[in-house]
Colleague: 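The structure under discussion is supplied below as structure tokens; questions concerning it will follow.
A note on names: the letters A, B, ... follow the listed sequences, proteins ahead of strands, and every chain is numbered from 1. Bear in mind the structure is a predicted one, so any value in this text is a computation, not a measurement. All values below come from the heavy atoms of this structure, side chains included, with hydrogens, waters and symmetry mates left out.
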There are 2 protein chains.
Amino acid sequence: MTAGNSDRKHRRTSRATGRVTLDQVARHAGVSPITASRALRGLASVAPDLVDRVRQAADALGYVANPAARALASQQSQNVVVLVPSLGNQLFIDMLEAIHAVMQPHGLEVLIGNHHYDRDEEEKLLRNYLSYQPRGLLLTGFDRTESTRRLVEASGVPCVYMMDLDPGAGLHCVGFSQVRAGETAARHLLQRGRKRLAYVGAQLDQRTLLRGEGYRRALQQAGCYDPSLEVLTARASSVGLGGELFGQLLANHPDVDAIFFGNDDLAQGALLEALRNGIRVPEQVAVLGFNDLPSSQFMVPRLSSIRTPRKAIGMQAAERLLDLIHGRMVDAPMLDLGFELMVRESS
Amino acid sequence: MTAGNSDRKHRRTSRATGRVTLDQVARHAGVSPITASRALRGLASVAPDLVDRVRQAADALGYVANPAARALASQQSQNVVVLVPSLGNQLFIDMLEAIHAVMQPHGLEVLIGNHHYDRDEEEKLLRNYLSYQPRGLLLTGFDRTESTRRLVEASGVPCVYMMDLDPGAGLHCVGFSQVRAGETAARHLLQRGRKRLAYVGAQLDQRTLLRGEGYRRALQQAGCYDPSLEVLTARASSVGLGGELFGQLLANHPDVDAIFFGNDDLAQGALLEALRNGIRVPEQVAVLGFNDLPSSQFMVPRLSSIRTPRKAIGMQAAERLLDLIHGRMVDAPMLDLGFELMVRESS
DNA sequence: CTGAAAGCGCTTACAG
DNA sequence: CTGAAAGCGCTTACAG
């Protein structure tokens with residue numbers, strides 16, 4: 001009786017949400033649902049005029065596809081999962097933003113997981129996210145549990161690793177050599193004529209360790225390596241911690257004349273602590289940071305640091321993942337984006 | 001013929017993924033799929049021994065529910081959408097972490113959207129996320145387009161607003177009064193005997209503006225308001241910008257004796273710039289920040305600031321949203337978590 | 001407390 | 001180039 005309601009078909013038990021469906025768009029355009037589906041997805045093999053009609057119908061009705069239905073039917077989601085060890089480090093925020101910028105135009109939703117530098121948490125996160133049948137995976141570094149590795153492998157989901165370069169050189173990765181960055185840092189300080197060099201790292205994540213390894217290697221080569229000048233702590237990296245460790249180091253080893261910090265926040269804390277205690281940088285002790293955070297160049301004195309291409313890493317890793325998802329050929333699995341030594345006032 | 005494969009039913013065209021389904025769990029446990037579903041979801045009305053059998057079957061087979069199928073059948077996802085204006089500000093990272101910590105144990109997936117302080121981008125994000133049929137919405141502040149507002153309203157999805165308090169007092173919100181925080185800042189500086197007070201804010205987001213309003217109000221009341229001492233810029237807040245604006249302000253108004261910054265990064269930049277130019281803080285000019293970022297207490301001199309409860313805001317907003325989702329009564333729509341003036345060396 | 005049937009809104013696989 | 005049928009893997013609504 002009620003006009004306008006008569007075209008409702010198979011809606012017996014009425015579990016419908018009221019939102020516009022593909023069926024309604026198809027009816028509005030006068031085509032079958034499957035044609036509407038193909039037209040909206042931009043599949044070839046649909047007559048151009050039909051595509052137009054369907055598009056207009058969709059616009060007119062304000063149709064937005066139901067991602068759950070799409071995922072269920074096609075057995076694949078529009079999700080891409082990114083796992084990072086921390087959100088407190090600007091480094092990873094920059095990477096995430098870049099990834100987002102690349103994925104968004106492709107209609108891919110970025111699911112962000114933060115595992116807080118915890119291998120078990122990473123495994124749990126991955127297990128959960130895999131149930132979403134993601135199109136791709138973006139993981140940070142290579143330090144993870146064996147079963148996480150198997151999980152990734154068994155899933156068959158394309159995966160790109162960020163930040164580090166795969167020592168085995170078999171996995172798709174975009175980053176730079178952490179070891180060489182550490183070496184470069186040490187060499188720079190040695191060239192400045194420093195003899196008593198220290199390395200201070202927090203978090204004890206693999207990249208911090210690798211940087212330390214490069215650093216050690218360079219010092220051993222120069223014949224001035226002293227293991228007691230390596231200060232590593234599992235505590236989280238922060239400005240406060242940097243100041244604290246700086247104070248302790250100088251108290252225990254007054255002859256230290258250069259310090260390389262595993263992250264800029266630590267180095268910034270050291271600079272502030274030096275300022276507070278009248279320790280002259282770089283005259284008495286040179287300070288070198290890592291990552292070159294935006295604020296580092298404004299420190300007093302301006303912090304020397306190693307600039308890492310985290311934005312480029314996020315972008316390129318995302319592009320690379322897109323290639324893998326779409327089955328495009330990738331020439332080499334490894335993409336080394338390098339790093340840049342920024343010499344300013346503190347070293 | 002092949003044993004073990006004979007129980008495959010209605011798998012004619014074989015679109016199955018190979019992953020373990022509810023059907024298999026049910027068969028393994030010797031119950032119907034629907035009973036298995038109910039058992040796994042912890043619905044009452046299932047015999048305890050059946051629940052056990054189903055749970056064991058699920059464990060044995062490594063069953064993980066397909067979120068897409070669940071969402072499609074139940075017409076609701078396990079997603080909660082959070083929209084923040086920025087990820088560059090530690091403030092929002094802390095909020096997000098807290099939200100995550102609350103939602104995770106409830107099996108709710110947090111989808112994060114960053115609208116970069118752009119109202120149109122927020123609207124676009126929301127429109128997209130709404131297609132996911134989220135269980136709840138967590139939005140930042142009250143400054144948005146009219147159609148975004150209508151979108152939220154029309155969706156019927158429970159929503160809690162963070163950071164600000166609703167001027168209309170009708171919406172669910174968890175935060176503190178930005179205006180009162182600005183007033184508190186100004187009063188503190190006035191009590192210190194300062195007369196020529198400036199306000200420096202970046203980003204021009206509503207909260208920065210509201211803080212400025214409170215500040216202005218207090219100054220007018222004290223009879224020392226000077227509009228030329230209000231420096232507002234749409235540029236993004238950063239340490240570098242803080243130093244720059246500090247320098248300009250003192251060049252144009254050498255008699256300024258106190259500055260309130262809309263965010264700590266600006267204030268930190270000012271402190272560093274002062275240090276570099278031999279301007280004594282707080283003797284010549286007092287500096288007060290906002291948010292009390294972790295590094296602020298280590299600045300030289302230690303930065304006074306207004307500590308904002310962003311972790312608590314995230315937590316309480318998430319809890320509140322959980323209440324709304326589960327239809328629990330909420331006593332008052334507004335939750336004022338306040339703020340705390342941290343007086344250190346710079347003021 | 002348990003289950004057979006139907007349906008959620010899409011896409012795949014098969015025909016024409 | 002287009003479509004009717006079936007199915008993705010769950011849950012709702014209805015019976016018993």
Colleague: Is the phosphate of D:dG9 approached by B:Thr21 (side-chain N or O, under 4.0 Å from OP1 or OP2)?
Modeller: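 Indeed not, no polar side-chain atom of B:Thr21 lies that close.
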
Colleague: OP1, OP2 of D:dT2 versus side-chain N and O of A:Arg38: anything below 4.0 Å?
Modeller: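 The answer is no; no side-chain N or O of A:Arg38 sits under 4.0 Å from OP1 or OP2.
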
Colleague: Please tell me if A:Gln75 has a side-chain N or O lying less than 4.0 Å from either OP1 or OP2 of D:dG7.
Modeller: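 No, outside the criterion.
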
Colleague: Counting only side-chain heavy atoms from C-beta out, which of D:dT11, C:dT11, C:dT2 sits nearest to A:Arg70?
Modeller: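 For A:Arg70, the side-chain atoms sit closest to C:dT11.
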
Colleague: For A:Glu122 and A:Thr148, which I'm curious about, is there any donor-acceptor pair between the side chains at under 3.5 Å?
Modeller: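 Side-chain D/A pair, A:Glu122 to A:Thr148: absent.
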
Colleague: Indicate whether the side chain of B:Arg70 and that of B:Gln78 have a donor and an acceptor atom separated by less than 3.5 Å.
Modeller: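 Side-chain D/A pair, B:Arg70 to B:Gln78: absent.
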
Colleague: Where the side chain of A:Leu22 is concerned, which of D:dT11, C:dC10, D:dC1 is the nearest nucleotide?
Modeller: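 Shortest atom-to-atom distance from the side chain points to C:dC10.
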
Colleague: Applying side-chain hydrogen bond (donor to acceptor under 3.5 Å, both in side chains), can you list everything that pairs with A:Asp205, at least two apart in sequence or on another chain?
Modeller: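 side-chain hydrogen bond (donor to acceptor under 3.5 Å, both in side chains) list for A:Asp205, sorted by chain: A:Thr208.
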
Colleague: Quick one: A:Asp52 CG to D:dC1 P, roughly how many Å, whole number?
Modeller: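 That distance rounds to 15 Å.
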
Colleague: Expressed in angstrom and rounded to an integer, what is the separation of B:Ile34 atom CD1 from D:dA15 atom P?
Modeller: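 After rounding, the gap between these two atoms is 16 Å.
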
Colleague: Using a cut-off of strictly less than 4.0 Å, decide whether A:Ser74 has a side-chain nitrogen or oxygen near OP1 or OP2 of C:dT11.
Modeller: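 For C:dT11, neither OP1 nor OP2 has a side-chain N or O of A:Ser74 closer than 4.0 Å.
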
Colleague: Closest-nucleotide mapping onto DNA chain D: is B:Pro33 or A:Asp49 further toward the 5' terminus? I mean the 5' end.
Modeller: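 Mapping each residue to its closest nucleotide by heavy atoms, the 5'-most match is A:Asp49.
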
Colleague: Which atom names give the shortest non-hydrogen contact between B:Val54 and B:Val25, and what distance separates them?
Modeller: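 It is O-CG1, 3.9 Å.
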
Colleague: What's the CG-C1' distance between A:Leu43 and D:dT2, to the nearest Å?
Modeller: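 After rounding, the gap between these two atoms is 13 Å.
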
Colleague: A:Tyr63 OH to C:dC10 P: how many Å, rounded?
Modeller: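 About 3 Å, once rounded to whole Å.
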
Colleague: If you define the side chain from C-beta out and look only at heavy atoms, does anything of B:His106 sit under 4.5 Å from B:Ile325?
Modeller: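 No - every pair of side-chain heavy atoms lies 4.5 Å or more apart.
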
Colleague: Between C:dC10 atom P and A:Leu72 atom CG, what is the distance in whole Å?
Modeller: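 It works out to 12 Å between those atoms.
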
Colleague: Among the candidates D:dC10, C:dC10, C:dT2, find the nucleotide nearest to the side-chain atoms of B:Val46.
Modeller: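 The answer is C:dT2.
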
Colleague: Taking OP1 and OP2 of C:dC10, is either one under 4.0 Å from a side-chain nitrogen or oxygen of A:Arg19?
Modeller: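 No, outside the criterion.
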
Colleague: Is there a Watson-Crick or G-U wobble partner for D:dG16 with both distances under 3.5 Å, and which nucleotide is it?
Modeller: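 Pair assignment: D:dG16 / C:dC1.
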
Colleague: Please determine whether a side-chain nitrogen or oxygen atom of A:Ser37 lies at a distance below 4.0 Å from atom OP1 or OP2 of C:dC10.
Modeller: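 Indeed not, no polar side-chain atom of A:Ser37 lies that close.
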
Colleague: In whole Å, I'd like the distance from the CD atom of A:Gln133 to the P atom of C:dC10.
Modeller: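 Atom-to-atom, A:Gln133 to C:dC10, this comes out as 18 Å.
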
Colleague: What is the separation between atom CD on B:Gln78 and atom P on D:dC10, rounded to the nearest whole Å?
Modeller: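 Spelled out: CD on B:Gln78 to P on D:dC10 is 14 Å.
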
Colleague: Starting from C1' on C:dC1, measure out to CG on B:Leu50 and report it in whole angstrom.
Modeller: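 Value for this atom pair: 9 Å.
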
